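Each remark here refers to the structure printed beneath this line.
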Amino acid sequence: MNDVISHKCPNCDGPLLFDPKEQDFHCEFCLSRFSESDIKDFEKQHTPPLTEKEDDTHELDPNEPHYNDASSSNTAQDTVSESAEEMSLFNCPSCGAEIVTDSTTAATYCYYCHNPVVLAGRLNGKYLPESVLPFKIEEKEAISAFLEWGRKKYFIPKDFFSNSQVEKLTGVYFPYWVTNADLKGELEAEANSISVWHMGDYEYTQTKKYRLYRKGNMAFRSLVKNALNKNSSVTMVESVQPFPIDDAIPFKSQYLSGFQAEKRDIEYEDLADTIQTELKNYAGATLSDTVHGYTTVYNKKIKSNIQNDDQHYVLLPVWLLTYKNQDTPSLEEKPFYYAMNGYTGKISGKLPVNKVKLALASIGLGTLVAGLIMLGGYML
């Protein structure tokens, strides 16, 4: 089975790209447009059947650390760098050039012919996403929103809005674990209700004591957790949540065409303790929200249990841009990140500051203040 695929136009054999605005697929060469079913039917008719030697669709061992066996493909060979970070070489199905990726890249572009390619071998077996939330914000809209957002700020380096910088804005499908859970919880507590009133010269205080008990069943839907270790912009990506998970559709590789995509390298088991703690805290907070109208609540005891939970491996869309401040090109300085939710348009980021402009502005402001003080002293 070929590990690298490029979805082609049925009319001219040009590369197909997913169009977030129209939610279909288009060819930039002949301007044809196709639905998902059109592409599926075309590829089904024109894909030769696998021979017994080529057929590697056997069930994979879920305990196997890697699903992509380079020895079974003529298009992939894995290598390991001296830094122990796994790198891989793939051949572009359009021009034959070698594509170098790291171990989590699942969709990218060929550096030479710029055709979008999907590394299908990294999205099968136990690494097959259950669903994908397709991009809804197109590139032009994302660029316009980025420029509008940044230009409202002061003291931004000039090259932050250069064409070469804007061109770095990239649509990326990031891997996430999505958890749904049902919980059962109980709350026991004691409470006081204090009333104060006056009658004549006397003040009266009445204290009523209560024993409280709450019990209930709760459901938590779409708890989203990052599933990629190497994503140094986790904070930015997490800050553009929430994603409307209910709008996700069954995974099809066609939706990755024209975008980059990452494969998960964090398993659910690595997050299980954190997720279970968060779910139980949610149950406790929900029960506590039912207690109100008392002066004080104390000796609170909460018990919660997860009755059942299920996890889903989902790819979610993010427009991402990075920037290295040229004013302070220190290797130790972390790059700045800009992120946009590729479905809702929610924006988050940390803008760089031109320290020269800021210093000049500070000097100018200081001079203006000093002048006003002297003028005030003269007038007095």
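None of these values were measured; they are calculated from a predicted model.
Side-chain contact between Leu315 and Pro175 is present, with heavy atoms from C-beta onward closer than 4.5 Å. Between His26 and Leu17, the closest side-chain pair of non-hydrogen atoms falls below 4.5 Å. Looking only at side-chain heavy atoms (C-beta outward), Leu212 and Glu188 stay at 4.5 Å or farther from each other. Side-chain contact between Val291 and Arg214: present, with at least one pair of heavy atoms (C-beta onward) separated by less than 4.5 Å. Considering only heavy atoms from C-beta on, Glu262 comes within 4.5 Å of Val172 through its side chain. Annotation: side chain of Glu43 is in contact with side chain of Gln254 (closest heavy-atom distance under 4.5 Å). Counting heavy atoms from C-beta on, the side chains of Trp197 and Gln206 come closer than 4.5 Å. The closest side-chain heavy-atom distance from Ile302 to Ser288 is below 4.5 Å.
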Give the C-alpha distance, both sets of side-chain angles, the deciding distance and a yes or no for ring pair (Phe, Tyr, Trp, His ring centres under 6.0 Å) between Tyr294 and Tyr210. CA-CA 9 Å; Tyr294 302 97; Tyr210 299 88; 5.3 Å; yes
Might you work through the salt bridge (Lys or Arg N to Asp or Glu O under 4.0 Å) test for Arg221 and Asp182, ending with a clear yes or no? CA-CA 9 Å; Arg221 296 293 176 262; Asp182 296 316; 3.1 Å; yes
Yes or no on ring pair (Phe, Tyr, Trp, His ring centres under 6.0 Å) for Tyr313 and Tyr176, after CA distance, side-chain angles and deciding distance? CA-CA 6 Å; Tyr313 176 31; Tyr176 286 86; 9.9 Å; no
Between Leu320 and Thr170, does the side-chain contact (heavy atoms from CB on, under 4.5 Å) criterion hold? Intermediate values first, please. CA-CA 5 Å; Leu320 192 66; Thr170 305; 5.5 Å; no
Are Glu278 and Lys225 close enough, and set up right, to give a salt bridge (Lys or Arg N to Asp or Glu O under 4.0 Å), and what steps lead you there? CA-CA 11 Å; Glu278 192 167 332; Lys225 290 295 181 184; 2.8 Å; yes
Intermediate values then yes/no, side-chain contact (heavy atoms from CB on, under 4.5 Å), Tyr213 and Lys215: CA-CA 7 Å; Tyr213 181 73; Lys215 181 179 181 180; 3.6 Å; yes
Show your reasoning for whether side-chain contact (heavy atoms from CB on, under 4.5 Å) applies to Asp265 and Leu228. CA-CA 5 Å; Asp265 60 0; Leu228 186 64; 3.7 Å; yes
Could you go through Glu203 and Val196, starting from their C-alpha distance and side-chain angles, then the distance that decides it, and tell me whether this counts as side-chain contact (heavy atoms from CB on, under 4.5 Å)? CA-CA 7 Å; Glu203 179 181 272; Val196 179; 3.8 Å; yes
Given the rule in the ring pair (Phe, Tyr, Trp, His ring centres under 6.0 Å) test, do Phe146 and Trp319 qualify, once you have shown the distances and angles that lead to the verdict? CA-CA 10 Å; Phe146 161 68; Trp319 286 103; over 10 Å; no
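With respect to Phe25, the ring pair (Phe, Tyr, Trp, His ring centres under 6.0 Å) criterion is satisfied by exactly one of Tyr255, Phe42, Phe34: Tyr255. Considering Phe174, Tyr173, Tyr343, Phe243 as possible partners of Leu316, the one that fulfils the side chain to side chain contact (heavy atoms under 4.5 Å, CB included) test is Phe243.
When only modelled atom types and interatomic distance are considered, Asp310 and His312 share a side-chain donor-acceptor pair under 3.5 Å. Side-chain contact of Asp38 with Ser35: a donor-acceptor pair under 3.5 Å is present, judged by distance alone. For the 3.5 Å distance criterion, the side chains of Asp309 and Gln311 qualify, holding a donor opposite an acceptor. Judged purely by distance below 3.5 Å, without hydrogens or angles, the side chains of Asn11 and Ser32 pair a donor atom with an acceptor atom.
Nearest heavy atoms, Gly14 versus Cys27: CA-SG, 4.3 Å. Taking every heavy atom of both residues into account, Ser222 and Val178 meet most closely at CA-CG1, 3.7 Å. Shown here for Gln260 and Thr108, the closest heavy-atom pair between the two residues is CG-CA, 4.3 Å. Between Val240 and Ile347, the shortest heavy-atom distance links the atoms CG1-C, 4.3 Å. Pairing each heavy atom of Cys12 with each of Cys30, the nearest pair is SG-SG, 3.7 Å. For Leu287 against Gly216, the heavy-atom pair with the smallest separation is CD2-N, 4.3 Å.
Phe29 CZ: 12 or fewer foreign heavy atoms inside a 6.0 Å radius. Within a 6.0 Å radius of OH in Tyr298, more than 12 heavy atoms belonging to other residues, nucleotides or ligands are found.
Remark: side-chain polar atoms of Asn341 are paired, donor with acceptor, to backbone N or O of Pro242 under 3.5 angstrom. Of the possible donor and acceptor atoms, none in the side chain of Ser144 sits under 3.5 Å from a partner among the backbone N and O of Lys140. Between the side chain of Lys184 and the main chain of Gln307, no donor-acceptor pair closer than 3.5 Å is present. Judged by distance alone, with hydrogens and angles left aside, the side-chain atoms of Asn192 form no donor-acceptor pair with the main-chain N or O of Thr296 at under 3.5 Å. Checked by atom type and distance alone, the side chain of Ser257 pairs as donor or acceptor with a backbone atom of Leu16 at under 3.5 Å. At least one donor-acceptor pair closer than 3.5 Å links the side chain of Gln23 to the backbone N or O of Phe135. A donor-acceptor distance shorter than 3.5 angstrom exists from the side chain of Thr295 to the backbone of Ile194, with no hydrogens or angles considered. Listed for the Trp177 side chain is no donor-acceptor partner under 3.5 Å among the backbone atoms of Leu223.
Interatomic distance, Glu139 CD to Lys21 NZ, rounded to the nearest 0.5 Å: 14.0 Å. Atom NZ in Lys252 sits 13.0 Å away from atom CZ in Phe18 (nearest 0.5 Å). From Phe251, atom CZ reaches atom CD of Glu130 across 12.0 Å, with rounding to the nearest 0.5 Å. Interatomic distance, CD1 of Ile39 versus NZ of Lys44, reported as 15.5 Å (0.5 Å rounding). Here Thr179 contributes atom OG1 and Ile275 contributes atom CD1; the two are 4.0 Å apart, rounded to the nearest 0.5 Å.
Clustering ILVMFWY residues whenever any of their side-chain heavy atoms sit less than 4.5 angstrom apart, transitively, puts Ile266 in the very cluster that holds Leu128. Hydrophobic cluster membership is shared by Ile249 and Ile137, with clusters built from Ile, Leu, Val, Met, Phe, Trp and Tyr side chains linked at under 4.5 angstrom.
In summary, Asp19 and Arg33 engage in a salt bridge, as defined by a charged side-chain N under 4.0 Å from a carboxylate O.
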